[in-house]
Structures are given as C-alpha cells and as structure tokens.
Undergrad: 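Attaching a single structure in structure tokens format; questions to follow.
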Protein chains: 2
Amino acid sequence: MRRTPARRPTMKDIALRAGVSESAVSFALNDRPGVSPVTRDRIRRVAEQLGWQPRAAARALSGEGSATVGLVLARPARTLGVESFFLQLVSGIQEELAERKLGLLFQVVEGLDAECATYRRWWAEHRVDGVLVVDPRQDDPRPDLLGGLGLPAVMIGAPAPEVADGESPAVSTLGADDAGIMAALVGHLHALGHRRITHIAGLPEFAHTQRRIASLRAEAARLGLTEAASVTTDYSDSEGAAATRRVLDHRRPPTALIYDNDVLAVAGLAVATERGIRVPDQLSLVAWDDSVLCRSVHPALTAPVRDTAAFGRHAAQALTALLDGAPAGHTQEPLPRIEPRGSTGPAPDQDPVPAPAPQEGPSGPPRCS
Amino acid sequence: MRRTPARRPTMKDIALRAGVSESAVSFALNDRPGVSPVTRDRIRRVAEQLGWQPRAAARALSGEGSATVGLVLARPARTLGVESFFLQLVSGIQEELAERKLGLLFQVVEGLDAECATYRRWWAEHRVDGVLVVDPRQDDPRPDLLGGLGLPAVMIGAPAPEVADGESPAVSTLGADDAGIMAALVGHLHALGHRRITHIAGLPEFAHTQRRIASLRAEAARLGLTEAASVTTDYSDSEGAAATRRVLDHRRPPTALIYDNDVLAVAGLAVATERGIRVPDQLSLVAWDDSVLCRSVHPALTAPVRDTAAFGRHAAQALTALLDGAPAGHTQEPLPRIEPRGSTGPAPDQDPVPAPAPQEGPSGPPRCS
DNA sequence: CGGAAAGACTAAAGCGCATTAGCGCTTGGC
DNA sequence: GCCAAGCGCTAATGCGCTTTAGTCTTTCCG
C-alpha cells in the first residue's frame, strides 16, 4: 500500500508558523528589503525546518521565468549514441547550471525541422528561459528563429556573426577554432613528412565541416601540398570505413588521414588493421575529437585534446549571462593542444601498399569531393 | 536591435476573439463537456490561428502536474561520455515521451547522494511528475526514497522487487535478463571449446554487476568450469586495460574474456593487440553491450545485440502507465540475441603465450574476485 | 512639538489555467 | 401547463508565488 505522500509546505505554512504575512515570507526568502533582520532570520529558520522549496510552477507563473534551459539534439539515430562529445558537453553544462539552480530540458529529435518546432513549442509554453544550440549549420535558420522569438540562445561552436554597425546579434556565439585546429593538425603531419593528406569529414551541412574543409585547403595551399582533399560522411562508422577504403584504393593513396570524429577514426583504423596496413609505419591517422575511444584502441589515436566539459561550462555561462540581461556576444574557446599518440609517425618513404581486402570484391573508384 | 518578442496569446485572448468566456475556452480546448460542438470548433479555430499553446507553469499550478519526467545520471565524469548506451536509451525514452508531450528534465551528478538530493529537490519543487532511474544498486536506497515521496518511478534494469502479499511495490521495475545473457555468452564460448573464462565486470555496487557475477559462477558450476572468475572495474578504459593485463599475466590465462561494456572490451582488445596476441585465434573477447564501437574495431566484437532504444521506450511506457494511475508493476525485456563476430573463435589448443608487455615492469599477481 | 521621512509589515491583486457553482434557456414528462 | 432536468454558457475561486500599494509605527529634524 502506497503511503500517502507528504504534503509539500507552501509559503502560507511558513507565514502561519512564523506569525507573519505571506509577503513578509516572500521578502525574507528572496533577500528583498522590507523585513527586519530578526524576522528574516526567523522566517528562514522556519522555512528550513519545514524543508520548504519554492514551487517551480508558481514562480514561473508570477513572471520569474521557468528556471530551465533547453538543449535539443538533432541527429539521425544511428550516429547518435556514438560520440563521447555530447555527454561530456552536457556534463560540463550541468556544472554551471547546477550552481544557478537551473534545470536542463533535453530533447532528441530526428532533424532540423523538428528541432525548430521544439523551440517554438518550448517558447510558446514558456518552458525554457533560453536554449543551447549545437551543430551550427551553413545558412542556419535557428539564430533568426530564436532571435525572432526573443528566446535567449547560445550557438555552440559558431563563429562571431556578422552584424551591421549598431545592430546587436540575435544570439550569443561560442567559437571553436576549427581552422586553427586543422592548421595545427596539418602542421603536425607536415612536420612528419606527410605530403598527401585526406580529410574524412562529417556532415557537409554543418558549418564546422565546411570550415575544416576550407582550412585544409588553405593550409595545403600555404604548404604547397597539391594532394589534399576532403570527403564528407554522415559520421557513422560504416561511412567512415567506406570512405577510408575508397581513399586507400586510390592510385597514390594518402599517407595520412584526418577524421572528423573519433568514431570515424576508429572505423578507419579497423580498415587499416583489416588490410594489414601498419599504423603508423605505413599510414598515419588523426581523430578530431579526443575521447576514451582514441586512447583505448591500439595504436592510440593522435587527437586535439580539448576540455569538452569546460566547453560546455562556457556555453552555459554565456547563456546565464544572457539570462542576466547581458547583450549577446561572442566568446572564443582556446586552441586545444595536439596530443601525438601512436597513430601518427613519420611519413613512409614508399607508399603504403594497399593489400587487397580479405573478403571483398574489387572496390569502385575512389570518389573524393 | 532585438525585436521586441511577440507576446504569447493566453486563453483570455482566445475568449475575447471568440466572444466567449475563458471557461468556455478551457472546456473547448480540453475536450470537456459544457460547450456546443459549433462553439467548440470556433474556439479551436481561433486558438489555432493565434498559435496558442497552454502555458506549462499555469497548467502545473492548477494541479495538472508538470508534464515533465526526470532522469539523473550519476556516474563519475571519466566514465561518462563513454557508453553509447545512455544516448541510445534516452533517444528511445524521448520517442515515447514526445508522443505524450512530456518533457525530459536531465541531470548529471557525481554520486548517489547528489542523485537522491536531486530527486528530493525535484519533488519539493514539483518539477517532475515522475522519474526514470538507472543503474540499480545493491541495497538501493532510491526505491524507498521515491516511494516515500510518492514520486512515480521506474527502475531501469531492475528485477521484480520482493514485496509482501497484498503490498504493492513502491516503484515499477523494468527487468533486463542479465543472468540469461551471461548464460548465453558462456554457452557461446563453451560451445567454441573455451574452458577458462574471465569476466571483466563493471562497478561492484551496481546490482546488475552482481547478477552477472553470480550468473557466471552458476553457469560455470553447471558446465563444470573450474576456472571462471570475475574482476570488477570502474568501467573506465584504463581499468579495463589494467584488468586485462593482470588477467593475461596469470600463469594459465583465460582463453576468453567477457567485458561488461564496450569501452572495457575495446581497451582489452587494445591490450591484446599491443601484446601481439591474436584475436580470436589465441584469445576470444566478448563485449556486453553492442554499439558502433564494437562494430568499428578490428576484429569486430561479439556482443549481445539488444535494442537499447526500445528498452528506453519501454521504460518510458512503464512510467507513463504509472502516471496514468496504473499500479506499479514489473516488465521484463526479451533476451537479446548474441551476435557472433570476429572477436570470438574456437579455443586455442595451446595457451596463448603472454608476451612480456613492451614498456612495463613485472606485473603483480593477478587479483581476482 | 509638529510634520516629514524612513522602516516594518500587511492586504490585495495578478500571473494563466482548471474547476465549481450558478444562471438562464429549452425540453420532456406527467 | 407546470416542474424537473438538461444544456450551454458565465462568474468566481484557487493553485503558490511576486509585487504594488498601502498602513502603522518609529525616528529625525526644523
């Protein structure tokens, strides 16, 4: 038999017990003037003794906001439970939110449209005070949408927006230096003697994918590398493996591969292992995001080591600043350091010999973007 | 310059426009009797036209519940962003919740105490109508806590609780057949000729860890395996690797290893690779949870393939049933199928030769639980 | 010593919704 | 032809909190 649940105390209970009016209680508990220090203390004691907590809905209804921020993840299911990145990010976000007693409303949806619909609904229902937005895109409709709704937002991993003089941007942005990282990775490989580098990228509609592709091209031009290219994938292991096979089937395959996330890189490493290509002797591999994964496989994967939890914390800080009334602005994350591990080494003198794959038919021609 | 955000319409606006009272609007929009079909339609149209959505706080305040369920993840940060399991689970949970227009309040905390504190706070603030609880433990305090608070809850991955006749359990449970899976895994390995099996387990305080350990012991006894043991870890890659090293350093090392999650297994595979132990010729590996990871590494890891998203969906269904007033009960997940992959093969005729680890001092004696 | 100002506190209204009581009208049964 | 019942709707209340507008008392100053 279920015990009848305890009734939660309200301010009225406190007022009764402390012998004051409800307003006095409100003033006392919200650090507002209007009550003497002694009364304040007494009220506080009673509140504590009763285990009172403000009822979220009542607060929200009387104009205080919902004390909640939202986060929507819009990724196809199969690439979802994959990257350590998100849980790390969320974990960092929470650290900051917990301090401010803000809740995190979380939603996983299939695509961009559903994501936008979620924002609209949250806005209409007053469910969140602001949102954190991930995976900025090319021609992203979300800043305008959120700006139009007047819903405070932080675009995580987006560059500073271009705004006309005097205008203030609709949303805050938290930049990750993709170009800088790419330059560092290419520099690392170039220093090891690599001249043919291929970039196995993620989804082309994401802005950071485009930035990385552009940066690779720029660095290649700067260093005089004529054979540097990017191919895009959907972040899934299968496409990572397939792209790797295609690239390695090339007449003059690259000596180094840069993968846009850990899953792609691990899948690529498996392809190399399967083909008997020695890493890093014949082929060097780099993963974009560091993770347990990168450290777990053998050889461990060279990767830029950034503090993802801190990234999340900064994003949450940018949002709380916005909620406090600060104008939207831009923050830039520091450039992470490249951690060289077993998967990168000096470029081979000769090209790696792509042994025919064990149980595989002839591969098609490599398709590079 | 930020546009002044649009004012969100309330029922009063609808009432005004439709020329009826607020109550009529409430009746019409909540499918309650008291308005004629024509008026109802008119009101509905106006509501739609205005893009009205019920304000969550107001609903909650007038006794309707918060339309939100909570999920707390209490895992040390370093083992967090690791398993695909959680995001998959959450993704499944959302599918169900989205249909019922329920939000998911998500929180990551450091430990059990913080988790319990979160439940208390959520309860006191009326922030959630129910919670989903993961990682059931030995002597878990959470069912009693939640039962006492009268907060509907579903323990994900917990066996049916023992309750006295006539009593109903405090919370619902959704069982995963750990014992059955372990039996199937041991059976698979036994059929391949393996006789020395070690189980690299997860955190000992989790109930499922204990169930798996007990099941391994039982199966070993049934099959007459004298050398079957479990060692526990914290799920981190480093402990997975360390445990693997210790076990392989044994005088007569096992020919098969069962890992309690994908990360441990991948770390174990890396150790084998690093030592030049051929998988599966000399050593077979099994991962408990299937994931992209298991499929990405080479050789791919044999694992029980369960539909984690469905698991999450079922958990959410159990909770919504509870919210609808159904009594707490138990549901059992079906036994997943074991997917044999490249990491398991016939037991070697001879023991695998544990080559001395490259840069490592002599290992201590293996410690098994 | 009178009046203004400041301080401590209370009363009351309002946030947006659900719900209950109640009002006026139409029907139906006898 | 009258009363009861039912329908369609409105008015009013309450959820728990914040906030504004007071009220009453004390203090300070000219």
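Each chain gets a letter, A, B and so on, in the order the sequences are listed, and its residues count up from 1.
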Undergrad: Does a salt bridge link B:E95 with B:R313, judged by any charged N lying under 4.0 Å from a carboxylate O?
TA: yes

Undergrad: NA contact type, A:G34, heavy-atom cut-off 4.0 Å: base, sugar-phosphate, or nothing?
TA: base

Undergrad: Counting only heavy atoms from other residues, nucleotides and ligands, does the tally under 6.0 Å from CZ of A:R120 exceed 12?
TA: no

Undergrad: For B:R59 and C:dG16, is the shortest distance between a side-chain N/O and OP1 or OP2 below 4.0 Å?
TA: no

Undergrad: Of the candidate nucleotides C:dT10, D:dT19, D:dC17, which contains the atom at the shortest distance from the side chain of A:R55?
TA: D:dC17

Undergrad: Is the base of C:dA8 touched by the side chain of A:T39 through a donor-acceptor pair closer than 3.5 angstrom?
TA: no

Undergrad: B:P54 near the nucleic acid: base, sugar-phosphate alone, or nothing, with a heavy-atom cut-off under 4.0 Å?
TA: sugar-phosphate

Undergrad: Specify the separation, in whole Å, of atom CZ of A:R40 and atom P of C:dC9.
TA: 10 Å

Undergrad: Indicate whether the side chain of B:R59 and that of B:S66 have a donor and an acceptor atom separated by less than 3.5 Å.
TA: no

Undergrad: Is the distance from OP1 or OP2 of D:dT10 to the nearest side-chain N or O of B:S21 less than 4.0 Å?
TA: yes

Undergrad: Name the closest nucleotide to the A:V20 side chain, picking from C:dT10, D:dT19, D:dT18.
TA: C:dT10

Undergrad: Say whether, by atom type as modelled, one donor and one acceptor occur between the side chain of B:R8 and the main chain of B:Q53 under 3.5 angstrom.
TA: no

Undergrad: Nearest-Å distance, CG (A:L29) to P (C:dC9)?
TA: 14 Å

Undergrad: B:E125 has an atom CD; how far is it from atom C1' of D:dC15, in whole Å?
TA: 17 Å

Undergrad: Nearest to the side chain of A:W52, heavy atoms from C-beta on, is which of D:dT19, C:dA18, D:dC17?
TA: D:dC17

Undergrad: Can you tell whether the side chains of B:R55 and A:E125 come within less than 4.0 Å, N to carboxylate O?
TA: no

Undergrad: OP1 or OP2 of C:dG7 sitting under 4.0 Å from any side-chain N/O of A:S36?
TA: no

Undergrad: Check the distance between D:dT19's P and A:N30's CG and give it to me in whole angstrom.
TA: 7 Å

Undergrad: Using only modelled atom types and a 3.5 angstrom limit, is any donor from either the side chain of B:S23 or the base of D:dA11 paired with an acceptor on the other?
TA: yes

Undergrad: Rounding to a whole Å, what distance do you find between B:F27:CZ and C:dA21:P?
TA: 12 Å

Undergrad: In whole angstrom, what separates B:E64's CD from D:dG14's P?
TA: 18 Å

Undergrad: Rounded to the nearest angstrom, tell me the gap between atom NZ in A:K12 and atom P in C:dA12.
TA: 14 Å

Undergrad: Would you tell me if any nitrogen or oxygen in the side chain of B:S62 comes within less than 4.0 Å of OP1 or OP2 on C:dA18?
TA: no

Undergrad: Measure from CD1 on B:I14 to P on D:dC9 and round the result to the nearest Å.
TA: 16 Å

Undergrad: Reading DNA chain D from 5' onward, which residue's closest nucleotide shows up sooner: B:E22 or B:L61?
TA: B:E22

Undergrad: Is the phosphate of C:dA18, meaning OP1 or OP2, less than 4.0 Å from a side-chain N or O of B:S26?
TA: yes

Undergrad: Which nucleotide in the list C:dG16, D:dC17, C:dC9 gets nearest to the side chain of A:V35?
TA: C:dC9

Undergrad: Has the side chain of B:S172 got a donor or acceptor atom that lies under 3.5 Å from a matching backbone atom of B:H330?
TA: no

